[in-house]
Amino acid sequence: MQFTDNAPFYKLARITGPTYNLLVLKLTTKPAEAEVPVERLDASGLCLNPITEEEVREQVMRAVKDARGERRSGPHVELIQYLGGDSRPVDTYYTMTREILKRVEGASAAR
């Protein structure tokens, strides 16, 4: 996985042969007051079974909730972006979110 830290935006790209996923999270210290917006980024090519914004939001928010429950603190999500032609399964976004949070926490601890 390729991680990019452009705080407050954190990007993780996952490419495994013919499958790929891209997840960008804008993190904040403030809890969301409304449903976190999800932006589906343009993808070239045809996707026969596209992942929906709601599917991505559900996986990301579940991962953040689990991580915050384990640590009793941590960042909140302000914005979610993903690539429209990303590969299934959708639970890949749970794993990717946990990885982003782990790397952000590691970078914060190193400062």
Side-chain angles (χ1 to χ4, degrees):
M1 288 192 236
Q2 182 181 17
F3 177 70
T4 305
D5 177 345
N6 288 328
F9 290 92
Y10 301 91
K11 176 171 67 174
L12 193 66
R14 176 183 171 273
I15 302 170
T16 57
T19 66
Y20 59 88
N21 298 84
L22 172 72
L23 179 63
V24 180
L25 300 179
K26 182 178 183 186
L27 300 179
T28 181
T29 57
K30 299 176 185 176
E33 294 182 13
E35 188 173 71
V36 175
V38 179
E39 293 179 358
R40 182 178 175 167
L41 304 174
D42 250 353
S44 59
L46 176 65
C47 184
L48 298 176
N49 188 14
I51 296 171
T52 67
E53 289 89 346
E54 187 54 40
E55 288 175 307
V56 175
R57 180 185 298 111
E58 181 180 302
Q59 294 298 315
V60 168
M61 299 313 291
R62 186 168 61 90
V64 170
K65 180 181 176 185
D66 290 352
R68 289 183 58 79
E70 291 167 9
R71 296 177 182 88
R72 307 280 188 250
S73 67
H76 297 275
V77 177
E78 186 174 322
L79 174 68
I80 302 166
Q81 296 177 324
Y82 76 106
L83 198 58
D86 275 357
S87 303
R88 290 188 177 270
V90 73
D91 63 355
T92 299
Y93 293 101
Y94 178 92
T95 305
M96 292 175 74
T97 301
R98 293 299 299 255
E99 184 65 25
I100 288 173
L101 296 174
K102 184 175 97 177
R103 291 182 187 215
V104 168
E105 183 179 271
S108 295
R111 290 183 189 145

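Since we're looking at a predicted model, the values are computed, not measured.
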Would V60 and L23 count as a side chain to side chain contact (heavy atoms under 4.5 Å, CB included) here? Give the steps. CA-CA 9 Å; V60 168; L23 179 63; 4.1 Å; yes

Are any side-chain N or O atoms of T28 and backbone N or O atoms of H76, one a donor and one an acceptor, separated by less than 3.5 Å? no

So, the side chain of D86 versus the backbone of L22: is there a donor-acceptor pair under 3.5 Å, distance only?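 Checked: pair present.
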
Less than 4.0 Å between a side-chain N and a carboxylate O, is that true for K102 and E99?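 Result for this pair is yes, salt bridge flagged.
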
Trace of the side chain to side chain contact (heavy atoms under 4.5 Å, CB included) decision for Y10 with V24: CA-CA 6 Å; Y10 301 91; V24 180; over 6 Å; no

Please name the residue in the list E54, E55, E53 that meets the salt bridge (Lys or Arg N to Asp or Glu O under 4.0 Å) test with R57.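 Among E54, E55, E53, the one that satisfies the salt bridge (Lys or Arg N to Asp or Glu O under 4.0 Å) with R57 is E54.
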
Do [X] and [Y] come close enough that some side-chain heavy atom pair is under 4.5 Å?
X: D5; Y: R103; answer: no
X: P8; Y: L27; answer: no
X: P75; Y: L101; answer: yes

Under the salt bridge (Lys or Arg N to Asp or Glu O under 4.0 Å) rule, collect the residues that match up with E78, sequence neighbours excluded.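 Counting only residues at least two positions away or on another chain, E78 forms a salt bridge (Lys or Arg N to Asp or Glu O under 4.0 Å) with K26.
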
Classify the ring geometry between Y93 and Y82 as parallel (under 30°), tilted (30 to 60°) or perpendicular (over 60°). perpendicular

Out of curiosity, R98 CZ to Q59 CD, how far, rounded to the nearest 0.5 Å? 12.5 Å

Evaluate the side chain to side chain contact (heavy atoms under 4.5 Å, CB included) criterion for residues I80 and L25: first the C-alpha distance (whole Å), next the side-chain angles of each, then the deciding distance (0.1 Å), finally the verdict. CA-CA 5 Å; I80 302 166; L25 300 179; 4.0 Å; yes

So R14 and T19, side chain to side chain contact (heavy atoms under 4.5 Å, CB included) or not? Walk me through it. CA-CA 8 Å; R14 176 183 171 273; T19 66; 4.2 Å; yes

